[in-house]
Amino acid sequence: MAVTFRASEHQHIRYNPLQDEWVLVSAHRMKRPWHGQVEPQLLKTVPRHDPRNPLCPGATRANGEVNPHYEGTFLFDNDFPALQPDAPDPGPSDHPLFRAEAARGVCKVMCFHPWSDVTLPLMSVPEIRAVVDAWASVTEELGAQYPWVQIFENKGAMMGCSNPHPHCQVWASSFLPDIVQREERSQQSYHSQHGEPLLLEYGRQELLRKERLVLSSEHWLVLVPFWAVWPFQTLLLPRRHVRRLPELTPAERDDLASIMKKLLTKYDNLFETSFPYSMGWHGAPTGLKTGATCDHWQLHAHYYPPLLRSATVRKFMVGYEMLAQAQRDLTPEQVRAQSILGLHTPSPHFLKGSQQSR
């Protein structure tokens, strides 16, 4: 007898049109018992201010500079940058298998808040709006010189973050990174064939289908992508065509701050922990390309959280993922339907104001 396909029971591969790659979905693997690594419980309390913490107001950093007593966002040059503006050119290669090219840029750190115990979901909407404005401002500033400005946040020790103080990083580079180049090619190809931005149409389709929609507002959508790799991965999209962060209107920035707070609260509530993730913004290239035709680009943010079954069991990207292709153990539809990421789940933070003093 022919077996009827069910995505939650039968393995299959899904195409990611944004990055031109595939993911293996094997949802039946969630039935297997877990005997792998269990992470230690996350730190429950973080000091609000520690003068030894180099990100705190008034603290002395590794290079001897003293932070101002900032009360909002604070942007400064990374003391240990991966990119520097004056690196020399490697010069020509003597063989095509040994190519090297110049890489220049700047790296900055942005603190979201003066208090170390206040993460984004515990901040007020106006405070998050100030972060959004700072993101747009630094994109415009660095984008005047560099073709790519990457804003990203690593939250939690599980994602390699060594400092619990709420902050992100900004790396501006003289080159387009690999993932960005794939998104450039895919969006350009789709726009050439269909006459509209890939992610604009994708957002419309997800809004109609509502199978993977997590949040919607007047100006923004949050969804679990059809091609998601990480268990609780989400994609944040503006409803209208927006190419870069600085193009957002005041109303869109207000709405972005609100929907970010809701999304990150949902994340924290999922396993009642300060949910770890890596996130980042992708928009049209900048620098000399700012005036170029980039109508195929749609601004978006990726959220990649590692947790799988609980606050102490995470997804490992090893073995098959490193040597073949990405693989996931839950369908995106299951994540949206069966977890607190569902469209109509309660929104108050699980701490219920115990740390929300603002």
Side-chain angles (χ1 to χ4, degrees), residues 15-20 128-129 131-144 146-152 170 172 176-177 179-228 233-260 262-263 279-303 332 343:
Y15 181 60
N16 178 348
L18 182 60
Q19 296 181 6
D20 189 26
I128 300 174
R129 164 65 194 269
V131 172
V132 172
D133 286 340
W135 282 341
S137 178
V138 73
T139 299
E140 194 163 33
E141 174 194 343
L142 297 180
Y146 294 100
W148 188 252
V149 180
Q150 182 61 66
I151 296 170
F152 64 97
V170 186
L176 293 185
I179 291 174
V180 177
Q181 289 190 48
R182 291 204 296 271
E183 291 196 358
E184 164 71 21
R185 289 192 296 267
S186 295
Q187 291 180 100
Q188 178 66 70
S189 175
Y190 187 92
H191 193 272
S192 297
Q193 293 179 49
H194 302 280
E196 63 179 339
L198 183 158
L199 286 178
L200 193 62
E201 170 60 14
Y202 177 64
R204 290 195 201 105
Q205 287 296 320
E206 289 288 20
L207 189 59
L208 289 171
R209 297 166 188 247
K210 292 185 170 57
E211 295 176 280
R212 290 164 293 273
L213 190 64
V214 174
L215 288 167
S216 63
S217 64
E218 182 180 358
H219 299 289
W220 294 89
L221 301 174
V222 178
L223 51 97
V224 182
F226 176 78
W227 55 80
Q233 178 177 333
T234 53
L235 182 67
L236 175 58
L237 291 169
R239 287 193 183 224
R240 77 171 177 96
H241 185 202
V242 181
R243 298 175 302 170
R244 303 179 182 93
L245 274 166
E247 298 175 11
L248 295 174
T249 67
E252 287 169 332
R253 297 184 188 199
D254 285 340
D255 200 27
L256 174 57
S258 177
I259 205 166
M260 281 177 56
K262 291 175 183 176
L263 170 63
M279 70 80 65
W281 284 99
H282 283 173
T286 51
L288 295 177
K289 295 180 179 290
T290 301
T293 301
C294 292
D295 288 343
H296 52 286
W297 270 91
Q298 175 73 335
L299 177 70
H300 58 282
H302 297 283
Y303 282 86
L343 195 58

Peer 1: Do P225 and Q233 have side chains that get closer than 4.5 Å, going by heavy atoms?
Peer 2: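 A side-chain contact under 4.5 Å exists here.
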Peer 1: Determine whether a donor-acceptor pair (N or O, by modelled atom type, separation under 3.5 Å) exists between the side chain of T234 and the backbone of V222.
Peer 2: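 Not at all, since once roles are kept as given, no pair shorter than 3.5 Å links the two residues.
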Peer 1: Less than 4.0 angstrom from a charged side-chain N to a carboxylate O is my criterion; do E247 and R244 meet it?
Peer 2: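 Salt bridge between E247 and R244, a charged N being under 4.0 Å from a carboxylate O: yes.
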Peer 1: Please tell me whether Q19 and W227 have a donor and an acceptor in their side chains that are separated by less than 3.5 angstrom.
Peer 2: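 Not at all, the side chains of Q19 and W227 share no donor-acceptor pair under 3.5 Å.
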Peer 1: Looking at D254 and R129, does any basic side-chain N land under 4.0 Å from a carboxylate oxygen?
Peer 2: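 Salt bridge flag = yes for R129 with D254.
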Peer 1: Does H282 have its ring centroid less than 6.0 Å away from the ring centroid of W148?
Peer 2: yes
Peer 1: Return the CG to CD distance between L237 and E206, rounded to the nearest 0.5 Å.
Peer 2: 9.0 Å
Peer 1: Quick one: CE on M279 to CG on L236, what's the gap to the nearest 0.5 Å?
Peer 2: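 One finds 7.0 Å between CE of M279 and CG of L236.
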Peer 1: Do any N or O atoms from the side chain of R239 and from the backbone of L200 form a donor-acceptor pair under 3.5 angstrom?
Peer 2: no
Peer 1: Take Y15 and D20, measure what side-chain contact (heavy atoms from CB on, under 4.5 Å) needs, and give me the verdict at the end.
Peer 2: CA-CA 7 Å; Y15 181 60; D20 189 26; 2.7 Å; yes
Peer 1: Can you tell me how far CZ of R243 sits from OG1 of T293, rounded to the nearest 0.5 angstrom?
Peer 2: 8.5 Å
Peer 1: Just checking, any donor-acceptor pair under 3.5 angstrom between side chains of E184 and H296?
Peer 2: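 Distance-only check passes for E184 and H296.
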Peer 1: Between P17 and L198, is there a side-chain heavy-atom distance shorter than 4.5 Å?
Peer 2: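 Answer yes - side chains close enough.
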Peer 1: Between E141 and S137, is there a side-chain donor-acceptor contact under 3.5 Å, judged purely by atom types and distance?
Peer 2: no
Peer 1: Could you tell me which non-hydrogen atom of I259 sits nearest to which non-hydrogen atom of S217, and how far apart they are?
Peer 2: CD1-OG, 3.7 Å
Peer 1: Salt bridge check, D133 against R253: does any charged N sit closer than 4.0 Å to a carboxylate O?
Peer 2: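 Counted as a salt bridge, because a side-chain N and a carboxylate O are separated by less than 4.0 Å.
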Peer 1: How many angstroms lie between atom CD of Q188 and atom CZ of R185, to the nearest 0.5 angstrom?
Peer 2: 12.0 Å
Peer 1: List the steps, then state whether salt bridge (Lys or Arg N to Asp or Glu O under 4.0 Å) holds for E201 with R204.
Peer 2: CA-CA 5 Å; E201 170 60 14; R204 290 195 201 105; 3.2 Å; yes
Peer 1: Ring pair (Phe, Tyr, Trp, His ring centres under 6.0 Å) between H300 and W220: does it pass, once the steps are laid out?
Peer 2: CA-CA 10 Å; H300 58 282; W220 294 89; over 10 Å; no
Peer 1: May I ask you to check whether over 12 heavy atoms, not counting those of E140, lie within 6.0 Å of atom CD?
Peer 2: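 It does not: E140 CD has 12 such atoms or fewer within range.
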Peer 1: Checking side-chain contact (heavy atoms from CB on, under 4.5 Å) for the pair L18/L199: CA distance, chi angles, key distance, verdict?
Peer 2: CA-CA 8 Å; L18 182 60; L199 286 178; 4.1 Å; yes
Peer 1: Any donor-acceptor pair under 3.5 Å linking the side chain of Q181 with the backbone of L176?
Peer 2: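 Indeed, once roles are kept as given, a pair shorter than 3.5 Å links the two residues.
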Peer 1: Any chance you could measure L248, atom CG, to R240, atom CZ, to the nearest 0.5 Å?
Peer 2: 7.0 Å
Peer 1: Decide yes or no for E252 and V242: does some side-chain heavy atom of the first lie under 4.5 Å from some side-chain heavy atom of the second?
Peer 2: yes
Peer 1: Would you call the rings of W135 and W281 parallel, tilted or perpendicular, taking 30° and 60° as the class edges?
Peer 2: perpendicular
Peer 1: I need the minimum non-hydrogen distance between V224 and P332, along with the two atoms involved.
Peer 2: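 Answer, listing the atom of V224 first, then P332: CG1-CB, 3.5 Å.
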Peer 1: Compare all side-chain heavy atoms of D295 with those of H191 and state whether any distance is below 4.5 angstrom.
Peer 2: yes
Peer 1: If every non-hydrogen atom of P246 is compared with every non-hydrogen atom of T139, which pair is closest and at what distance?
Peer 2: CD-CG2, 3.9 Å
Peer 1: When you measure from the side chain of Q187 to the backbone of Q298, do you find a donor-acceptor pair of N or O atoms at a distance under 3.5 Å?
Peer 2: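 It does hold such a pair.
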Peer 1: Return the OH to CG distance between Y202 and L235, rounded to the nearest 0.5 Å.
Peer 2: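 Going from OH on Y202 over to CG on L235, the span is 7.0 Å.
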Peer 1: Any side-chain donor-acceptor pair under 3.5 Å between S186 and E183?
Peer 2: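 No - no donor-acceptor pair under 3.5 Å links their side chains.
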